[in-house]
Amino acid sequence: MGEGQHHHRPTLKQQNKSFKSKHATKSSLKDAAKGRVARQSPKAIVSSNTAAQARLNRKNNAKQQQLKKRNALVSATRVFNGVDGAPRIVAVIPLSEDVNVHTIVSALAESLDVSTDGFVEGGLWKMRADRFKTSLQFINVPYRHIYAALDACKVADYVVFALSTTVEVDGWGDTLLRTLQAQGLPDVVTVVSPDSSIDVKTRPGIIKSLLSFIQYFVPIQSRVFDLESSSDRLNALRALSEGKPADVRWREGRSWVLGEHLAWSEDTLQVTGVVRGTSMSPNRLVHIPNFGDFQISKIMSAPLTRHSKSNHPSMDVEPVNLAEPDASSADSLVSCNDPDDMANEQTWPTEEEMNGAPGDDDGEYSLPEAKSGTTPKVVKRIPKGMSEYQASWIVDESDDEDDEGDDDEKEDEEMETTGAEEEEEMVDMQMDEDNDMETDARRGVTFQDLDHEEESKQLQSWRNREREEENDLSFPDELDTPQDVSAQTRFQRFRGMRSFRTSPWDPFENLPRDYARIFQFEDYKRTERNIRRRAEQENTVVEPGTRVTVYINGVPEDAVKCSPLTLFSLLQHEHKVSVLNFTVQRNTEYDGSVRSKDPLILCVGPRRLNVNPIYSQHTRGGGKGANNVHKFERFFRHGITAVATTYGPVVFGKQPCVLLRETSDSQAPHLVAMGTFLNPDTTRVIAKRVILTGHPFKVHKKTATVRYMFFNSDDIHYFKPIQLHTKHGRVGHIRESLGTHGYFKAHFDGPINQMDTVCMSLYKRVYPKWATIWKGPIVGEEPSDTMEE
């Protein structure tokens, strides 16, 4: 080396870290172990075996669930497979005026190169889809035929909503979608009518907008098929031809038939179609929309004619009698009872009862006999002729009055039962009243009876004053007492109640004649379970998927004009009439006034009924409350859940319901409300409340002179036992009548304000009207501009 050559010191050389053991290879670890093997603990062995077993169990369970779902899908779709398989029912409903049903069906058939020969506008058309090994049966519903659309969706496996790329959905289409949403929809496929005039760049934006629209009514929709595209046509047809149709909840446990061919002879209608849903029994009644319930005479097989591949014509298969009704178990067409007037004959009181029992000096009041082993705290004075139950409506003045011992309120003591005690009490009351009169005289408020002209003048000035809106909402049942009619005559069917929530009310008291005609259930839920169990165990039935001809007795000839006709099998007892209660809510888009007993169309299950429902408050939690008494609502308002009550055929299951109101256009009704069937409770008491109001004319501490509630002394004595209350929360009772114009003195549980209003609540039980089958326009007819009479 030369002297000038430079060298680094050895300490500056880089030294890399040794290879970490956790990243060592298997061979290096094996060499380091030198043949030694670590012994595994027993707990680690158990945990590893348990984990492996759990992993194997999860894998096995997943495989079993997958196999179970696959078998269920094959079993559910087996009815649609094969040459003789039942066709999938597809309801095609246009939502815009420019959408043509024939164009929609032709676009779907074009993807399979199938001709649309024999297509019927507003009827049925069947197409064989060999590519998917099934067949489709289209129900072609014309535009603005709302009742045909409702009936088609009740029996359909799929619903095709046809939208337009240029015309928006109008109010009719919006009402139809809301009604179908409330009724219950099967699987929905949304398509756009083919239109080559729309630009290719604009079309995706329109499709996206239409998808957003249809998702408002059918949230599970993920795609809108554009029938202008050949791939979308095939995908839409695949959605209709593959898989299992969704189950509509209200159709569970029921069978139905879509009439492919109809014939009528000698008062018997022959309906040919395929049995859907569950098995059909000839012992059960069937319902035809717009016509009513009928009996089945027999069910015959109706196999399709098979054409031979050779030149020889095929032989028709003779129909076979599949089932006939059993006379001992077949349902009757009797829907209501025949009242026996002799059994309900009125029993009039005897002469002794009218004159009073011996020992009563005045013949007006008598003391009730004490029950054995009891000592009543307070003894009530019961008017002669009243039962113990009727006496429970009478309010005892002493129960709610304050007895703190003021000098001018000594009369607030409890009633005594002996004659001496009654006489002493009357003397004390008279002395207290004299003291009140003296006090009023010292204060210059001596009562003065006004003449008729002045009385009428002050009454009109008081009634014509403007009522505040908040008071009207707090007391919606206020009613002015008529001047020309006695209050006891005008409100003779009303009664007072100590407590609306807890006071008893006999549900079988003073029932109308219609209640003698209806049926009631001892246990509705248990009856439903037994009926459904017996239906599953019945032997004489026709299995679903069988093509049959059902012979129905007593059907009018006009039923043949219906195209298509739907047939629903009813459960046992569903023809019997009872009291039906539905929980309903107002349609937010309908702003019209809805009053109790307004005529409406009730759509529940396969039925449509003309009803005049009455509305009542829905108890929190849906229970009956302490006494099953519910307040009557004069108007059905927005934002509340009410109970609509009507007479009608019995319904089993949680059936959805829709309330429609007819308009001048018979095919464009208003959707008023939607809801669900609650129960057929005949003991539900719907009480109508009337509040009579009075003005505290003069006030002295807890005592007030009230006017304008009554206009004669007889009415005051008649309504004296009923409790009073004020808008500010005071409670009191009538003391005595003053003068001849209906003034009276009332005593309250606290000081009363002269600006307050004195109220008296009266209650009367109300009942609905009888329902009838809605006879609407024939399905095949054009919509008219006049309302159906």
Side-chain angles (χ1 to χ4, degrees), residues 88-114 116 119 121 125 127 129 131-132 136 138-146 149 152-153 156-246 589:
R88 297 170 183 260
I89 302 176
V90 181
V92 183
I93 301 177
L95 297 178
S96 300
E97 189 176 2
D98 63 332
V99 176
N100 185 270
V101 179
H102 183 268
T103 305
I104 301 297
V105 178
S106 299
L108 295 174
E110 184 181 346
S111 60
L112 296 179
D113 298 329
V114 177
T116 56
F119 180 88
E121 188 77 21
W125 184 72
M127 181 184 74
R131 176 172 181 173
F132 302 105
L136 302 176
F138 293 93
I139 305 179
N140 308 310
V141 181
Y143 180 67
R144 289 188 67 84
H145 283 66
I146 187 169
C153 292
D157 299 315
Y158 299 91
V159 177
V160 175
F161 287 133
L163 301 173
S164 172
T165 55
T166 56
V167 179
E168 293 183 356
V169 178
D170 58 4
W172 179 88
D174 183 84
T175 300
L176 175 62
L177 288 173
R178 291 177 183 272
T179 306
L180 290 174
Q181 186 183 35
Q183 175 182 278
L185 278 170
D187 281 345
V188 175
V189 175
T190 307
V191 301
V192 176
S193 180
D195 188 1
S196 58
S197 63
I198 303 299
D199 189 278
V200 178
K201 296 182 179 179
T202 311
R203 205 169 185 88
I206 297 176
I207 299 298
K208 185 177 180 181
S209 176
L210 294 177
L211 176 61
S212 176
F213 167 78
I214 200 65
Q215 281 180 338
Y216 178 79
F217 300 97
V218 190
I220 61 174
Q221 285 288 278
S222 59
R223 183 177 181 182
V224 173
F225 297 98
D226 185 5
L227 298 187
E228 185 69 21
S229 170
S230 59
S231 60
D232 273 16
R233 288 198 295 265
L234 186 59
N235 288 332
L237 196 63
R238 179 178 286 108
L240 298 174
S241 304
E242 293 182 345
K244 175 185 177 297
E589 300 297 321

Test your reading of the model: is there a side-chain donor-acceptor pair from [X] to the backbone of [Y], 3.5 Å cut-off?
X      : Y      : value
His102 : Asn100 : no
Asp174 : Asp170 : no
Gln215 : Gln221 : yes
Arg88  : Leu136 : no
Ser111 : Leu108 : yes

Query raised in the report: If you draw a 6.0 Å radius around CD in Glu168, do more than 12 non-hydrogen atoms from other residues or ligands fall strictly inside?
Result: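 12 or below, so no.
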Query raised in the report: For Glu242, does the CD atom have more than 12 heavy-atom neighbours from other residues, nucleotides or ligands under 6.0 Å away?
Result: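 Count over threshold, so yes.
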Query raised in the report: Any Lys/Arg nitrogen of Asp226 or Arg233 sitting under 4.0 Å from an Asp/Glu carboxylate oxygen of the other?
Result: no
**Report entry** Pair Arg203 + Asp199: basic N to acidic O under 4.0 Å
**Finding:** no
Measuring from atom [atom1] of [X] to atom [atom2] of [Y], what distance do you get when rounded to the nearest 0.5 angstrom?
X      : Y      : atom1 : atom2 : answer
Phe161 : Leu177 : CZ    : CG    : 5.0 Å
Phe225 : Leu237 : CZ    : CG    : 10.5 Å
Ile207 : Arg223 : CD1   : CZ    : 10.0 Å
Leu234 : Arg131 : CG    : CZ    : 4.5 Å
Leu180 : Leu185 : CG    : CG    : 5.0 Å
Phe138 : Tyr158 : CZ    : OH    : 12.0 Å

Query raised in the report: Looking at Ile104, Val90, Ile93, Val105, which one forms a side chain to side chain contact (heavy atoms under 4.5 Å, CB included) with Asn140?
Result: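 Only one of Ile104, Val90, Ile93, Val105 forms a side chain to side chain contact (heavy atoms under 4.5 Å, CB included) with Asn140, namely Val105.
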Report task. Could you give me the CA-CA distance, side-chain angles and deciding distance for Asp98 and Thr166, then say whether side chain to side chain donor-acceptor pair (under 3.5 Å) is met? Result -> CA-CA 9 Å; Asp98 63 332; Thr166 56; 3.2 Å; yes
Query raised in the report: With side chains defined as the heavy atoms from C-beta onward, is the minimum distance between Leu227 and Ser193 less than 4.5 Å?
Result: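 Counting from C-beta outward, Leu227 and Ser193 never come under 4.5 Å.
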